[in-house]
Amino acid sequence: MSESAEKVAEQEIDLGPCNAILDKYQDMLGALMPVLQEIQDHYGYVPEEAVFLAAERLNVYPSQIYGVLTFYAQFHLEPRGKYIVRVCMGTACHVKGATRLGDKIQELLGIGHAETTEDLKFTCEYVACIGACGMAPVIMVNDATYGSMSVQKLNEVIEKYQKMD
C-alpha cells in the first residue's frame, strides 16, 4: 500500500453512500458488478470497509467480492489521484518517445506507473494503447486526450492540472 493510500485508509470511511447504493440493489440478483462500480464511482476506489458491508448486505463472502475486484482491471483497491495521467505505451507511442514522457512524469510528480502522489492529486498509469496512434505519442488526463506530446508539452499539461483545485 502506498503512503498516500495508507493515510486515506487511516481516515474513517463514511459508509452512508455505500448503504444507499446497496439499498438500491438489495433485492436484485447478480447486482455485484453494478454495486462495486457505483461504490468505486463514489469513493474513487473500493474501500475495504465497503467490501465487508457489501458482503454482509448481499449475503456473499468477502473473498468472492475480492475475487471480482482483483479479476477486473477497472477496479481499484487503493485511493487514486483526482487526475489520472495515462501514458500510452503502444507501439506508435513507444517509437515516438512515450518512455521519455513517463520519465518526465517521474521527474515532475515523483511517481511512476501505478503510483499516486501523496496529495492524491495525480495517479500515473502506463497503458497498452489509447487508440489514437495517429497522434502519437499520446497521454490522457482523465477523459482529455493530448496528442503529439513532447516533454515541453507535457510540462504545460501537468502545470495546468497542478493549478486546478
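The residues of the chain are indexed from 1 along the displayed sequence.
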>> Between K153 and E156, does the salt bridge (charged side-chain N to carboxylate O under 4.0 Å, His left out) criterion hold? Intermediate values first, please.
In response: CA-CA 5 Å; K153 285 171 116 177; E156 295 166 8; over 6 Å; no
> Checking side chain to side chain donor-acceptor pair (under 3.5 Å) for the pair Q40/Q74: CA distance, chi angles, key distance, verdict?
Replying inline: CA-CA 9 Å; Q40 181 165 281; Q74 68 176 293; 5.6 Å; no
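Within a 6.0 Å radius of CG in D41, more than 12 heavy atoms belonging to other residues, nucleotides or ligands are found. A 6.0 Å sphere centred on CD of Q26 holds more than 12 heavy atoms belonging to other residues, nucleotides or ligands.
Residues I130 and I105 do not share a hydrophobic cluster, clusters being chains of Ile/Leu/Val/Met/Phe/Trp/Tyr side chains in contact below 4.5 Å. At a threshold of 4.5 Å between side-chain heavy atoms, the hydrophobic network of Ile, Leu, Val, Met, Phe, Trp and Tyr places L108 and L120 in two separate groups.
Listed by chain and residue number, nothing satisfies the ring-ring contact (aromatic ring centres under 6.0 Å, His included) test with H42 (two or more places apart in sequence, or in another chain).
Aromatic ring orientation, F122 versus Y83: tilted (interplanar angle from 30° to 60°).
Put simply, the residue from L53, L15, I21, V51 that forms a side-chain contact (heavy atoms from CB on, under 4.5 Å) with I39 is I21.
Side-chain N or O atoms of Q64 include one that pairs as donor or acceptor with a backbone N or O of Y61 at under 3.5 Å. Remark: the backbone N or O of M164 is paired with a side-chain donor or acceptor of K121 at under 3.5 angstrom.
Nearest heavy atoms, E115 versus G112: OE1-N, 2.6 Å.
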